[in-house]
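So the structure is just underneath, and the comments pick up after that.
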Protein chains: 2
Amino acid sequence: MSKYAAPLTDMRFALYDVLGADALFARLPGGDAATRDVVDAVLDEAARFAQTVLAPLNQAGDAEGCHFADGVVTTPKGFKEAYAQFVDGGWAALNAPEQYGGQHMPETLGAPIKEMLDSANLSWANFPLLSHGASEALKQHGEEWQREVFLKPIVSGRWTGTMCLTEPHCGTDLGLLKTKAEPAADGTVRITGTKIFITAGEHDLTENIVHLVLARLPDAPAGTKGISLFIVPKFKVSRDGVMGDRNALACGSIEHKMGIKASATCVMNFDGAEGYLIGQPNKGLNAMFTMMNTARIAVGYQGLALTERAYQNSLAYARDRLQMRALTGPKRPDKPADPLIVHPDIRRMLLTQKAFAEGGRVLGYYAATLVDVIERSEDAAERRKADELLGFITPIVKALLTEAAQETTYCAVQIFGGHGYIAEWGMEQFARDARITTIYEGTTQIQALDLLGRKIMQLQGAGLRHFVEEISGFCHAQQANANVIEFIKPLAELTQEWIGLTQEIGKKAMGNADEMGAAAVDYLFYAGYISLAYFWARSVVAADASAHPAEFKDSKRLTARFFYSRILPRTRGHLAAIRAGADSLMAMPDALFG
Amino acid sequence: MSKYAAPLTDMRFALYDVLGADALFARLPGGDAATRDVVDAVLDEAARFAQTVLAPLNQAGDAEGCHFADGVVTTPKGFKEAYAQFVDGGWAALNAPEQYGGQHMPETLGAPIKEMLDSANLSWANFPLLSHGASEALKQHGEEWQREVFLKPIVSGRWTGTMCLTEPHCGTDLGLLKTKAEPAADGTVRITGTKIFITAGEHDLTENIVHLVLARLPDAPAGTKGISLFIVPKFKVSRDGVMGDRNALACGSIEHKMGIKASATCVMNFDGAEGYLIGQPNKGLNAMFTMMNTARIAVGYQGLALTERAYQNSLAYARDRLQMRALTGPKRPDKPADPLIVHPDIRRMLLTQKAFAEGGRVLGYYAATLVDVIERSEDAAERRKADELLGFITPIVKALLTEAAQETTYCAVQIFGGHGYIAEWGMEQFARDARITTIYEGTTQIQALDLLGRKIMQLQGAGLRHFVEEISGFCHAQQANANVIEFIKPLAELTQEWIGLTQEIGKKAMGNADEMGAAAVDYLFYAGYISLAYFWARSVVAADASAHPAEFKDSKRLTARFFYSRILPRTRGHLAAIRAGADSLMAMPDALFG
């Protein structure tokens with residue numbers, strides 16, 4: 001049975017000491033309710049819920065999975081009760097605006113809570129997660145009556161939401177979608193089509209489910225410019241909020257997946273289902289994109305959450321399991337063998353996990369602070385800058401933290417040896433659960449194209465410029481700090497190299513767009529590792545300046561040193577791969593692949 | 001449903017054109033029966049068996065798994081019939097000596113056959129695989145009557161064998177094992193203890209199972225010097241070969257694993273079971289080690305096999321699935337979107353798979369040629385050199401090909417996108433099956449310590465010296481060949497760097513053994529990538545000199561170019577990580593990990 005204890009000390013360190021979230025909340029309109037006392041109390045309570053209610057259901061939920069029969073999805077034992085507690089505790093309403101029944105707490109507070117739920121039980125956490133996207137769409141694009149009727153029950157948690165995008169023949173390429181919306185005489189529309197991979201498309205946790213569905217109106221232009229967004233509830237709801245008959249939609253089956261087996265991944269068949277247009281006709285994709293940053297960051301947190309839990313269990317096992325003697329002679333002569341943690345490569349794997357967990361936490365929460373600035377700041381210039389930064393950092397948060405989770409859960413299985421491969425010990429579940437995170441909400445490939453192609457090349461790199469300025473400012477401010485010069489010097493050099501490399505790719509890509517595509521994934525890792533190096537240097541500075549004990553400060557410094565000396569050099573391989581250019585990938589004629 | 005077609009053309013290219021296996025067979029005693037005609041016919045027949053009998057059982061076997069009830073293990077539907085065909089076809093006897101009923105074909109011919117079985121159905125292939133280890137132990141350490149009684153039925157395939165090493169408290173650290181062997185008055189012993197992770201420990205494929213069990217005789221020295229090896233059959237067998245009653249041993253349960261679900265991984269309880277000592281008392285570990293090179297190379301082939309199958313399916317999907325337009329404009333304007341293969345990063349993943357499959361094939365088969373030289377050459381110096389080379393290359397074959405399988409099956413899931421995560425498409429099974437290969441028969445960590453600590457440092461690097469001389473000789477011979485100078489130059493430079501790096505680590509490790517342990521895994525990858533670079537350069541030379549069509553030669557050259565420009569630079573990151581030294585891992589006090 002795998003363990004989980006919320007890393008509250010490190011979460012608070014990331015929030016307060018590194019990112020100054022308490023000061024940020026205090027100065028943002030409506031943020032003054034989120035005092036440090038309140039935030040601490042909320043975190044404690046979330047930890048209790050995650051540890052005692054959700055974590056114990058994780059392994060059993062994986063073993064049981066969701067059940068499907070005759071269109072009905074039954075969640076594993078305990079899921080429904082846990083969801084009821086979640087709603088009773090007011091968790092669903094934490095970040096939503098007060099006018100719709102929410103508590104309007106900052107998104108930055110939502111980040112560690114999200115992390116805890118995901119660490120405790122990723123499959124379960126996917127049920128409320130999808131409501132967040134639906135909430136955002138309703139909040140930003142819904143008419144007032146739509147918010148009253150649909151947003152309020154979602155905010156309270158009485159209903160959940162979905163995002164119905166993918167169809168059998170189109171995942172990434174939404175321009176190909178075929179689902180139809182026929183206007184009816186009463187002002188509603190009739191939706192017909194099949195959607196796949198719909199997380200929480202059907203379940204037994206709530207009395208209604210609000211589907212947000214992408215579909216085409218009659219005579220809509222072809223491709224992505226002819227897609228509209230619709231609200232399609234499982235049970236029909238009138239404009240005055242009265243719930244009526246079952247709508248003409250049904251779950252056709254659930255997928256048998258590698259992991260997140262307790263999360264219902266549904267095929268949804270819409271058969272003339274009654275719905276309402278939300279936002280402008282043919283602007284559905286724009287509405288979807290506004291939700292996407294948040295959803296992508298949320299998946300990044302899933303990666304972080306699995307890394308954290310993999311680390312906790314790996315560390316406990318490495319301390320407990322006795323196997324072989326240390327290379328330098330017995331460390332525990334009183335025992336039949338030394339604990340695994342004496343072995344250098346076990347430590348390399350543990351430090352890899354720790355570096356990605358703690359560094360990734362700062363990176364992930366940093367993105368949330370930008371969301372709060374965008375949503376709350378009264379300074380338009382500050383909002384705009386935060387928006388550009390968020391657009392830039394989002395694909396890095398999403399892809400780097402989920403790719404890191406592949407590596408850290410690999411390490412967990414490896415540290416447990418044969419036991420890592422056995423279900424009962426729990427490590428292989430983390431690896432299976434993690435595997436979806438580099439795929440859904442846009443694959444790593446899509447994140448890389450979004451970063452390099454869109455955020456840097458199309459948008460002239462405003463976000464990158466801000467971020468590089470921020471790093472340079474930090475390096476400048478710390479250049480006389482002898483305690484961190486070991487980090488500042490390589491960080492400043494790498495940042496310069498990064499700027500140069502970006503220009504280099506930009507020039508090549510002007511002549512050949514494949515140069516961008518061929519560089520994109522290596523560039524994402526390259527940029528991601530440098531970003532983590534920045535947050536690790538900040539963490540050391542913040543730890544030194546904090547009231548934490550000396551051991552805490554040493555732990556941060558030594559982990560940062562590990563990151564700089566053993567992870568950051570991976571940028572050398574990525575740099576060389578990028579410089580190899582598009583020819584290395586495009587020269588092979590398709591027929592010669594095999 | 002995933003596909004598999006044995007890559008016979010590339011297998012023959014690796015065997016004949018690159019490695020000159022036909023010439024080797026012709027000059028080795030007893031190898032002249034393995035003419036090219038015979039080898040080709042055997043490969044064709046193995047391909048037919050793998051494709052038509054085993055491959056169709058792979059996905060269903062994974063879904064069904066092995067069944068366990070009251071000590072009885074039932075294999076999935078079709079497994080028993082497939083095993084009967086395997087025995088009828090004479091496959092079990094292919095490599096064994098003629099005096100025990102075998103066909104004594106070269107090990108190098110066994111390599112592609114093993115690859116095909118593993119590609120087709122890894123779980124199934126694990127049942128006959130373990131017989132190979134038992135055969136080797138009996139062949140090399142058994143008394144004549146033991147070979148008559150136990151080896152012959154294993155060679156024929158009527159019985160299978162196991163290797164019973166691991167106990168609940170000891171996997172890698174066999175010195176800790178507790179299973180007891182009590183001599184009985186009749187010259188047999190009584191074995192008592194519990195063994196775990198016993199592949200094919202119990203099943204319904206054969207009438208008897210021969211367990212080779214590590215245990216301690218009374219008054220045996222503590223640790224690894226007090227371990228003996230015993231033959232313990234499921235049904236008792238007398239010295240004259242008569243099968244008797246059920247022995248006092250039973251399967252207590254089977255493990256629920258991440259993958260290879262149709263392979264029975266058993267807890268075996270020995271309760272005073274009757275057995276026979278094999279080899280010298282207290283020398284059991286030595287006997288085990290003689291089997292280990294072969295078993296480790298065999299697991300390396302499992303990695304290769306999954307890489308090959310992952311590649312075939314990824315390529316087919318990338319050609320078939322239409323999604324988005326090429327960055328440089330539509331390539332198939334007649335279709336609603338372009339096939340995935342137009343996208344640079346999809347090609348990067350496909351080429352990664354292809355480079356590891358084809359390069360890994362040459363590396364893997366190269367090891368098999370060494371086994372044949374060791375077993376058959378009449379030249380003692382040649383045998384000794386091959387033995388040193390084999391000892392050196394074995395951990396690279398095992399670890400690099402299995403780690404590559406993690407990456408290539410990751411790529412397969414990623415290329416399939418959401419469908420990669422769904423059982424029905426088959427990619428996620430490859431990823432789950434692959435995950436055990438970096439663990440069993442010694443984790444990657446153990447391989448790395450074996451390579452750097454034992455094969456290089458303890459044995460003064462004889463194997464490395466031979467290998468580096470071989471590469472240097474190749475580079476020297478090709479230095480005037482303008483067609484391959486693009487590969488020869490970096491290969492020669494890297495080889496020099498490799499020698500220097502090895503000396504550098506050696507010096508540091510003399511003062512501190514942790515320096516070896518801290519470098520080992522990065523060193524293994526570093527050495528592995530350079531080894532593959534060597535085999536890729538050889539492949540280009542061999543292709544150019546062959547009668548293959550121009551397209552084949554171009555395909556080899558372009559894949560080699562991809563490997564050199566986009567995979568080989570990973571050595572830069574590993575080099576820097578190695579040079580960071582032990583401090584980067586050991587400086588953190590255990591208490592500060594968290």
Side-chain angles (χ1 to χ4, degrees), chain A residues 171-173 176 197 255-258 315 323-324 327-328 336-337 341 343-345 347-348 350-351 354 413-414 417-418 421-423 428 435-436 438-439 443 445 513-514 517-518 520-521 551 554-555 558 561-562 565-566 569-570 572-573 576-577 580 582 584-588 590 592-594, chain B residues 171-173 176 197 255-258 315 323-324 327-328 336-337 341 343-345 347-348 350-351 413-414 417-418 421-423 428 435-436 438-439 443 445 513-514 516-518 520-521 551 554-555 558 561-562 565-566 569-570 572-573 576-577 580 582 584-588 590 592-594:
Chain A
T172 296
D173 195 352
L176 302 176
F197 300 159
E255 304 289 354
H256 297 279
K257 306 185 299 294
M258 181 181 192
L315 180 58
Q323 207 76 178
M324 311 297 285
L327 293 164
T328 51
I341 197 171
H343 304 302
D345 204 71
R347 298 169 78 89
R348 184 186 61 81
L350 291 171
L351 284 164
K354 183 173 164 71
V413 171
Q414 203 67 16
Y421 201 64
I422 307 295
E428 60 90 38
R435 193 63 195 86
I436 189 59
T438 68
I439 299 171
T443 62
Q445 284 64 39
D514 279 336
V521 168
E551 290 75 17
D554 286 348
S555 176
L558 291 166
R561 216 171 261 169
F562 166 82
S565 62
R566 298 198 71 122
R570 295 179 188 179
R572 301 306 87 197
S584 61
L585 307 181
M586 307 311 289
M588 177 88 83
D590 291 1
L592 298 200
F593 273 84
Chain B
T172 296
D173 195 352
L176 301 176
F197 300 160
E255 305 289 353
H256 298 279
K257 306 186 299 295
M258 183 180 191
L315 180 58
Q323 207 76 178
M324 312 296 285
L327 292 163
T328 51
I341 199 171
H343 304 302
D345 203 70
R347 298 169 78 88
R348 184 185 61 81
L350 291 171
L351 285 164
V413 172
Q414 203 68 14
Y421 202 63
I422 307 295
E428 60 89 36
R435 192 63 195 84
I436 190 59
T438 68
I439 298 172
T443 61
Q445 284 63 40
D514 278 336
M516 188 278 291
V521 169
E551 290 74 17
D554 286 349
S555 176
L558 291 167
R561 216 171 262 168
F562 166 82
S565 63
R566 299 198 70 122
R570 294 179 189 178
R572 302 306 87 198
S584 61
L585 307 181
M586 308 310 290
M588 176 88 82
D590 291 2
L592 298 200
F593 273 83

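We use all heavy atoms of the structure for the numbers below, so side chains are in, but hydrogens, waters and symmetry mates are not. Reminder, nothing fancy here: chain letters follow the sequence lines and each chain counts from 1.
- With chain B as the partner, the residue from A/M258, A/E428, A/R348 showing the most heavy-atom pairs under 4.5 Å is A/M258.
- Residues A/I341 and A/R347 are in side-chain contact: their nearest non-hydrogen atoms beyond the backbone lie under 4.5 Å apart.
- Across all their heavy atoms, A/G517 and B/P344 have their closest contact at C-CB, 3.5 Å.
- Of the listed residues B/Q414, B/E255, B/K257, the one with more heavy-atom pairs under 4.5 angstrom with chain A than any other is B/Q414.
- Contact count against chain B (heavy-atom pairs under 4.5 Å) is highest for A/L585 among A/L327, A/L585, A/L558.
- Interface remark: B/Y421 contributes backbone and side-chain atoms alike to the contact with chain A (heavy atom separation under 4.5 Å).
- Of the atoms belonging to B/L315, it is side-chain heavy atoms, and not backbone ones, that fall under 4.5 Å from chain A.
- When A/A577, A/G573, A/G171 are compared by the number of non-hydrogen pairs under 4.5 Å with chain B, A/A577 comes out ahead.
- Interface summary for chain A: among B/A576, B/A518, B/A587, the most heavy-atom pairs under 4.5 angstrom belong to B/A518.
- When each of B/G418, B/A423, B/P336, B/A337 is scored by its heavy-atom pairs under 4.5 Å with chain A, the top score falls to B/G418.
- When the candidates B/E551, B/M324, B/H256 are compared by the number of heavy-atom contacts under 4.5 Å with chain A, B/M324 comes out ahead.
- With respect to chain B, the highest number of heavy-atom pairs below 4.5 Å among A/L350, A/I436, A/T438, A/T172 belongs to A/I436.
- Of the residues considered (A/L176, A/D590, A/T443), A/D590 shows the highest number of contacts with chain B, using heavy-atom pairs under 4.5 Å.
- Between the CG atom of A/D514 and the CG atom of B/D345 there is a distance of 11.5 Å, given to the nearest 0.5 Å.
- For the options B/R570, B/M586, B/H343, heavy-atom pairs under 4.5 Å to chain A are most numerous at B/M586.
- Looking at A/F593, the atoms closer than 4.5 Å to chain B (heavy atoms on both sides) sit in the backbone and in the side chain alike.
- No other option in B/Q445, B/R566, B/R572, B/M588 has as many heavy-atom pairs under 4.5 Å with chain A as B/R566.
- Closest heavy-atom contact between A/D173 and B/Q323: N-OE1, 3.0 Å.
- Residues A/D554 and A/R561 are not paired through a salt bridge, judged by the lack of any N-O separation under 4.0 Å between the basic side chain and the carboxylate.
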